Each structure stands twice: as C-alpha cells, then as structure tokens.
Amino acid sequence: MQFNSTEHQHVRYNPLKDQWVLVSPHRCKRPWSGQTEPELEEPSDENNPLKAGAIRANGQKNPHYTSTYVFPNDFPALLERVPEPPPSEHPLFQMSQAKGTCRVMCFHPDSKMTISLMKVEEILSVIEEWVRQAQELGRRYTWVQIFENKGSVMGCSNPHPHCQIWASSYLPDEGKIKDRCQKEYYIKNSKPMLMEYLEQELIRKERIVLENQSWVTLVPYWAVWPYETLLLPKQHVQRITDLDEVQKKDLAIMMKELNTKYDNLFQCNFPYSMGWHGAPTGPSAKPGDSPHWVFHGIYLPPLLRSASVKKFMVGYELLAQPQRDLTPEQAAEKLRECSLVPIGISIKVCYECAALMKKVYTFREQIIKSFDILSAYSKKHTILNSPKDLTCNSIQRLSHHSVNTSHLADDVEVDIVKTEDIFCGFAQLEEQELKSEIGDIFVQEDNFDGVTSDDDVMLSSLKKKKVKEKHTILNSPKDLTCNSIQRLSHHLVNTSHLADDVEVDIVKTEDIFGGFDKTGIADIFVQEDAFDRVTSDNDNMYSSKKTKKKKKKDKEKKQEKTPRKLKNLPSFVELYSMSETEMWSVRETDIASEEFSRLRYKCETCVIAFNTKRLMEMHQRGKHVAKSESAQQCDVCTAYYLTAENLSAHRRLHLNAYRCTECGLVSCVKRVMSAHDCAKRAERYSCADCDLMFSSRSRLSYHRAASHGERPQCDCCGKIFANKMTLKYHLKVLPQNKNGAAKEPVTIPCKGCDKVFHSKKSYRAHVVIHDNQSYPCPTCGKLFQWKRNLARHARNHRERAAGTTHACHACGKTFASRDCYNNHMRLSKKHVHESQYTHACTYCGKKFPTKWCLVDHVDWEHLKRIKYQCSICFKAFKTAKIMYAHMSNLHAGKRVTLGEHLCHVCGKSYKTVKRLKSHVWAMHTNRSQEKSFKCPSCPAAFSWHTSVYKHMKMMHPKRAKVGGRYTHTDRDRQTHR
C-alpha cells in the first residue's frame, strides 16, 4: 500500500515551535453529533460600551471618534506599578516580577463593521495605529503583543470591531520559543527560517491562499487549527515598526481579502483569534539587531466543518500533542476557492454591462482552456509537429454571441474550416435576400435579442448621417478592408468596429455592393489577402511622403548630435579650420599659455595632453621615433609616418581647432577653451560636497565617483552599483510590467545539489562545478573551475616573470599582482570613503566594503565559526588573506611529514624534541612570569636564558667573545639542580 497524505495519518514537524503535529485526514469522514454553535444575532448597539460617546463600566466616556480609538483596559491583566515578589526559597517554587500595560483599540465607530466590510483606507489606519502603539510601548517593554479575538466562540465579550495590545516587561513563552528556534536555525543555516520557508512555499504553491506584491498568506505546513493561516512578508522585516508605506497598504488589502474568504467559507461572520509576532523590543533594541526574526501574523480560526461545528483543543491535544483532521493542503484549496466579494453584498448591473461581463468571463475561460491544452501538448511534444495536432482543440468562436444562421440556406455549414463553403450558398439567393443576409451578418450581432433603447436609435441615426457625409461612393474595395472579417476560417464574426463606416440601412446596400456581382461578394471576404498586393496612386504618394519624412527626421537627428571633439565644452564653442599662418600663431600661443604649462603629462611638439605618464611615453615611442629609414616626418610636430599619404592626412589635422563664437578665441587645446573667460561665465555644475565647479555633468559625475566615492543607485529598487554602466544594464533588464505588478520571483533549483538560484546568470555560473571540468595552469599546474580565474592567474605569472610591481602612490606599498593592488585600493580604509562601507553587521553595526568581509566578520566574531585553518599548525584565522600570509611567512610551503614533533596542545611542529619541550614549558605550563635571567654586566633581566646570550652578544660583545658567563639568581640555581 502506497502512502497518501490526504488519507493516511502522519506527523509533521513545526520548526518554529519545535513540536510535532498529528494529522489524521481520515477522521473527516466520521459523523458529527457533538456540540453545535448557535447562529449569532445582530449585535445591539444600545448598550455597547465601545461605541463612540458611550460610557464604560469605570465611568469613563468615549469620545465621538470617527476612525481608530485607543484607551487603557478597564480591567487589565498587567499593571505598570506592582511590588517585586520575594526571592524564591526553593527552585521548584519560583516567582518573578511581571510589569506591563493593557490597552483596547477600536477599529471603527460602527459596531456592525468588520475587517472584510471596511475600506482599505480604514484598515490602513488600523495598521498605522498598530505601528504607533508598538513604537511607544516598545521603548519601555520587552514584548508588545497585538491580538484580536473575534466572535463569542473565541471568548470575545463584545462584537464591536476591536483588538487588544498587551505589553510586558518579560518575554512570554510563545515569543521565547520562537526566538530560540529561529536563532538556532539562523546560526546553523545563515538564513532566517521563515524567509527560507517562504521561498520553498512559493516554489510549491500548494498551500498558498493569497499573494500580492509585498505579502503572502498561506496555510502553514505545520498548521494546528483547521483553517489556520500565516501572513509572511516577501522582504525581510523584523518588527511591525519596520514596515514601509507600500507594505502597509498591501497588508491592508491582504487582510481585507483574507477576512472576506473566511466569511465566505461557511457564509458566516467568521470567528478567529489573530495576532502579530516580531522581534523582542525594549530600551536596548535597535533596528536590525535580530536578523533571525521575521515579522509575521497568525490567524487561528476554530470552525472545522460548518458555521456551527468547531474544533476543540481537549484531551489528546492538551495531554499529548496537537492534532488536526483536515490536511493543510485541503484547507488551502478550500480557501482559494472562496469568493472575494463580502457576504451580504449584491451587485446590480444593467443588461449591457451584464452581457459584456459575461462576454469577458467566457473569453477568459476559453483562454485558460487553451493554455491548459497547449501546456499538456508541450509536455508531450517539444516542438509542434503539425498545426493539425491542435485543430481538434481550436476555439471556434471567441465571442459568446452566436451568429443567427437560421435564415441561411440549407447547404451553408458554419462550422466548416473552409471559408468558401460559408458563402457558396449566396449564389442561390435573390438579390434582395442577399442584401438582407449581408446586413444580418454585420449589424445583428449585438442586438441583445431585439432589445433596443432610445439612446441606441439616436446613436444609430447619428452614425448613418456620419457615414453618408463621409462616404458617398465606394472609392476602392480596400476602403472596407480594415473593417472586414479577417479570418472567417476561424468563425470569428465580430463586427462591433464596423458601425462607424458601414451603412446600417439594408436598402442602401446597393451603394456599397452595386459594382459587384453575386459571386464577387464572396471574393471580397474570401480573398481579402489579395488586397495586400493591390496598391493605388494615393497609397504610393502616402508611402513616399512617409519615407521622406523619416529620412528628414534621421538627418535632423544626425545634425543635432554633438561631435565627439566638442564633448565637455560649452555650447558656444565650435570646430574651426585655420589657415597655415594662423595655425603657427595659435600653436605658439597655446604652448606659452598658463593652462598648457600646468599640464603634467604633455607633448609640446604635438601640443597634446595625456592623462597618465604611460600614455605619454607610448606616444613618444610611437610617434617621435622613426620605425624605418623611409619614414616621413611632419614639419609641424616632428612625428614620423610610414607613407606620404598618412603624413598628408596627419598634416591636415593641424589646421583643426576650437573657436569661441562669442569672443573669437581660437585654440587647439581643450583645456585652454574650458578656462577662458566666456567658458567661466557659461553654465556650471557644482559639487554638493566640496563646492568645486565643473563645465559639464559628465565631469561632475566623474569627480563625485573619484573623489567622494558616490555610487549610482536605482530609483526603483534602491540597489547600489559600482558605475553607471552596470546601472544602465540593470534598468534595461528590469521587467516592464504595464500593470505595475511585481515580477514573479524566479527559482531555479540545481540538480546536482540542494541550492536554489534566483537568476539564470548565477545558475550558469554555479552549474559548472558539477561538470567536473577544470582548467590547469601551464606554469604551476594549479586547477581552476572557470577560465576567467585561470586568465587572471596566468597574468600574475607573466607580471612576476617580468618583474612588474604595482605601487600605491598614496601609501607607498608595493604589490606583486594587479589583483592585490586592486583589493588594496578597494578595501583599505586609507583609500576607501566611509560611504562605500554599505554592508553593515546586524549584530554590532560595524560596516564593511564587501559582502564577503561581512560574512567573515559574522562567522568569526558572532557565530564563532572557524572557516580558515592552517593545515600545518592548525591555527585558526579570521580571513583567508591572513591565513595565506601566515603560511607564506612561517611555513614557506612546508607540509606536515612523518617524524616531525608536534605539540599535543596547539599542534605546532618542531624539528627537534628539545625545541618542542622548550615550547611546551614556555607556552603551556604555569611558570613564573618573573624575569629570572639577569645580565652579569648590566641590570637587564630576561625570561629566557637564550635572550641573555643575544643581549650579551649585542650589548657587551667583548665579554661575549672571551666567553663571559652570565649569572643566575638563587631561585634559578634551585630550579636547575
């Protein structure tokens, strides 16, 4: 017999509370003869102490509130001022102090109102008040519990829409258990438990009830109550006070929809107990201090089979473990099927709207059916073998309005695929009948069984008048092509769009079809594709005009595009061609200018500036060194060229310059044009941090990125990028949803391991690991899984062989590889701006420049996890970089071999037994910290006897050479006897 979770009993583990739940689905078949709950009557509003303006039991009067109203509970379970109990005399009889406060919060002034009947804006006001109360009470108390009891079945004494807020100075049992379980899971898996659980539920989708942009409502896998639900945020939120405006509004919508489904489940005012759980609060609580916590809501309804049969938590549930009859999957399916229209609300629409709604609903059902057919076909066939495979499943009519065919000839078959067969019967009809048939096909489709109104008649007459003024004769058959039925083979007779151009009056049809015979009418409809090949003079003229306009626009765009040479220059600077004499004069002026003399890297013969010394040296070697005896030399800049043609082209470039249209200044150097008086008066862009001015936005952006470490940020999701190119790529691949809905998260499970990836790019980078393919280095034989890592490693070999070093000009450090230099510039606090430390530790608040630095910090400092350990001495290290430096400096490639003497305490190896004993005596014994070894020549004292010898050799070389001895104290003589 095979196991079936919907028929056979089993137990399910609840990791959130560390308990098991017994599921017995076969018990749903048993008959019920126990207690039933009576139907609730409408609540009386006369004696309601929670309504606006009412007087409560303690004599306090409620204000005439219109939204939410919060007041202290008249009979609280927790008080703020209570004496502290005496200390416990025995561990089996313990007491502890409990302080707190209890408050009542009314949702709405109307006693008959519920969450399902309230507007979204009203529910949003409730959520915002919850946030305010949590902020206020969370500053003083460790735990703030918001909960609602609805219905007398759940012990609610007042049907008025309200909840309670209890705050306590201690952590209750439910919060304590959840805190412990979530913390243990986070330490073990480095992920919040409920966030990973939500990812798995979104993949399976079998227990999800509702979902929107920010929230998911589901029946938990470990649910105890029959229709228990769990509300989880899609983004990691620790407390209710961390919710943003979008999450609050989406939560209001989710609560309204969930309560509506609950009410429609058994067609009653559904009772439940609900509440919110988040990270503990208190004076020491800070945002992000509990990364293992995920804020969530719980709905615990008692009803099981109907509005009068509820679940009782007695007997086995109280004495052994929780038990449920209905499986969570069955409960989720029933809730999904419930309507989102609140009970007791009827929608009245006119006949036209009802017909349109029915039409849309029918179309939706057909689309769903077509999708299911295509999905089933694609599972069996990877490609479409033949269109005939789907012909039997094709939808014959997309519109639910059937075409009246009773007046057609007997030989007219509507459901035949060939369109010729539809109109073959027209040849046997009389002319007047033919006109009537055509009119019936086009105008009687949306007549709604002959029902018309005055508005319809007026609209029809206006359309007739418009048609007569617009088309007195039929100019061309193509004039009606856009309004013709495009594919009669699909049996789609939709003519609503023909009303503006087709004469409705049947008598006037000869004005349209007078030029055609009876057989030609069928050609209009059957051979509509032939119109695609027919052109007229008007069409050709229109096409040519359209092409000319397009060419003109393209030409204007090309003209508007700024030349590359004028980039970063003011708009009034233009390119200018100089004469020979003017060229020599301008060159002398530019070379003598103060702006050109300030340039650090420049070529004075070519009057060119360079950004780096390397580029300047490359220019000197490439242009001013003759490559052959036949090289041609420029008489202006003394540059060499291989041929006379190249020299001639180069020579003409010397006549190009920049000219200011306002003052007439001419120069060959951009720096000179940017610094002259007119450019200074032009539009400037200032840096908000250092008040420097720049002539263009690009220069300002470069300055901010280089000097202030500013990184571009996406306005949609807030993600930070290293440069604008990566931001542009990110914006390009963002989903362009027209309805503004969030893109459904992608989950790609790896077949080789249990990892799940959320993008194809990360999955492709990971799946290479399971291919068992590696790339060896031809120099040292080291293996790499990716080619790019091998290429970077080979580049380091080449640079070391050439003796290339990378020096940091700011701090003077030198590095053997380019990667080490880049990491130094990217991670060192001497060169990285504080704003680039974007990765903050949720435990201590310390910030790091990269995610990997943050992970190493959390593992080493908070989770006490050892990831990097020396293979020789087994010393633990915080980062791989420190371990590599330790291996290189101390062990120098040494490996543990047989015969070496290892310390049994720390694992360090020594070549001789004597050195090992000295190490154990010095490092792992409780020896005296007194410096017992003294120098015989001076008052110096040392802890090691070898240190005295080194001291004598350095400070007293004469006595050391003649073999002078050092002395021991009396204590040392006794120790060494």
Side-chain angles (χ1 to χ4, degrees), residues 1-17 19-37 116 151 153-154 194 197-211 215-232 254 257-274 296-317 320-341 343 368 372:
M1 183 171 61
Q2 190 174 2
F3 173 78
N4 188 349
S5 61
T6 60
E7 296 180 2
H8 304 133
Q9 72 269 12
H10 56 279
V11 290
R12 299 192 180 191
Y13 179 65
N14 181 0
L16 193 59
K17 298 176 66 174
Q19 68 178 10
W20 291 85
V21 180
L22 174 61
V23 182
S24 308
H26 57 280
R27 281 171 55 88
C28 293
K29 301 177 182 178
R30 67 189 179 105
W32 177 258
S33 58
Q35 177 180 336
T36 58
E37 302 299 328
S116 58
V153 178
M154 299 305 295
L194 291 180
Y197 171 69
L198 179 59
E199 290 181 6
Q200 296 299 320
E201 287 286 10
L202 289 173
I203 296 174
R204 291 168 171 80
K205 294 186 179 297
E206 55 184 343
R207 284 174 292 274
I208 293 180
V209 178
L210 291 168
E211 181 181 1
W215 294 86
V216 174
T217 299
L218 52 88
V219 179
Y221 178 78
W222 52 78
V224 176
W225 293 89
Y227 294 95
E228 176 182 340
T229 53
L230 185 66
L231 274 70
L232 291 174
M254 181 69 72
E257 292 180 350
L258 177 61
N259 279 266
T260 302
K261 281 184 174 290
Y262 272 148
D263 292 348
N264 284 308
L265 182 63
F266 296 132
Q267 294 297 307
C268 67
N269 196 357
F270 207 73
Y272 58 75
S273 281
M274 66 84 61
H296 59 279
I298 314 103
Y299 277 79
L300 306 172
L303 298 185
L304 175 61
R305 300 189 180 193
S306 64
S308 58
V309 178
K310 74 171 185 176
K311 168 74 176 178
F312 289 91
M313 288 291 181
V314 295
Y316 189 85
E317 288 88 345
Q321 68 177 156
Q323 183 271 336
R324 64 176 291 125
D325 297 343
L326 197 69
T327 64
E329 293 77 20
Q330 293 172 334
E333 184 178 0
K334 290 186 177 182
L335 287 174
R336 281 195 300 267
E337 294 174 354
C338 293
S339 173
L340 289 175
V341 179
I343 58 174
I368 295 174
D372 294 338

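All of these numbers come straight from a predicted model, not from anything done at the bench. Each residue takes its place number in the sequence, starting with 1.
The line from CG of Asp325 to CG of Leu304 is 6.0 Å long, rounded to the nearest 0.5 Å. In this structure, the separation between CG on Leu258 and CE on Met274 is 8.5 Å, given to the nearest 0.5 Å. In this structure, Tyr262 OH and Leu303 CG are separated by 10.5 Å, a value rounded to the nearest 0.5 Å. If you take CG on Leu265 and OG1 on Thr260, they are separated by 12.5 Å, rounding to the nearest 0.5 Å. Taken from CD in Glu7 to OG in Ser24, the straight-line distance is 13.5 Å, to the nearest 0.5 Å. The line from CD of Gln267 to SG of Cys338 is 8.5 Å long, rounded to the nearest 0.5 Å.
Residues Gln19 and Gln321 are not in side-chain contact: their nearest non-hydrogen atoms beyond the backbone lie 4.5 Å or more apart. Side-chain atoms of Leu230 and Val219, non-hydrogen and from C-beta on, never get closer than 4.5 Å to each other. Side chains of Lys334 and Gln330 form no contact here, defined as non-hydrogen atoms less than 4.5 Å apart. Here the side chains of Leu300 and Val224 are not in contact, with every heavy-atom distance at 4.5 Å or above. Side-chain contact between Glu201 and Val216 is absent, with no heavy-atom pair separated by less than 4.5 Å. Contact of the Val11 side chain with the Leu22 side chain is registered, since non-hydrogen atoms from C-beta on lie closer than 4.5 Å.
Between Glu228 and Lys311 there is no salt bridge, since no side-chain N of the basic residue sits under 4.0 Å from a carboxylate O of the acidic one.
With sequence neighbours excluded, the residues forming a ring-ring contact (aromatic ring centres under 6.0 Å, His included) with Trp222 are Tyr197, listed by chain and number.
The two residues Gln9 and His26 have their closest heavy-atom pair at OE1-CE1, 3.2 Å. The two residues Thr327 and Thr6 come nearest to each other via the heavy atoms CG2-CA, 4.2 Å. The shortest heavy-atom contact between Arg207 and Pro328 is CD-CB, 4.1 Å. Taking each heavy atom of Pro226 and Ala331 in turn, the nearest pair found is O-CB, 3.4 Å. The two residues Pro271 and Gly151 come nearest to each other via the heavy atoms CB-CA, 4.2 Å. Contact detail for Arg336 and Lys205: the closest heavy-atom pair is NH1-O, 4.0 Å.
Ring planes of His10 and Phe3: perpendicular class, angle over 60° (limits at 30 and 60°). Taking the six-membered ring for Trp and thresholds of 30 and 60 degrees, Tyr227 and Phe270 have ring planes more than 60 degrees apart, a perpendicular arrangement.
In terms of modelled atom types and a separation under 3.5 Å, the side chain of Arg12 and the main chain of Tyr221 share a donor-acceptor contact. At least one donor-acceptor pair closer than 3.5 Å links the side chain of Asn264 to the backbone N or O of Val341. Between the side chain of Glu206 and the main chain of Glu329, no donor-acceptor pair closer than 3.5 Å is present.
Residues Tyr299 and Thr217 bring no donor and acceptor atom of their side chains to less than 3.5 Å of each other.
None of Met313, Arg324, Lys310 except one satisfies the side chain to side chain contact (heavy atoms under 4.5 Å, CB included) rule with Trp225; the exception is Met313.
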**Q.** Steps toward side-chain contact (heavy atoms from CB on, under 4.5 Å) verdict (Lys261, Leu340)
**A.** CA-CA 6 Å; Lys261 281 184 174 290; Leu340 289 175; 3.7 Å; yes
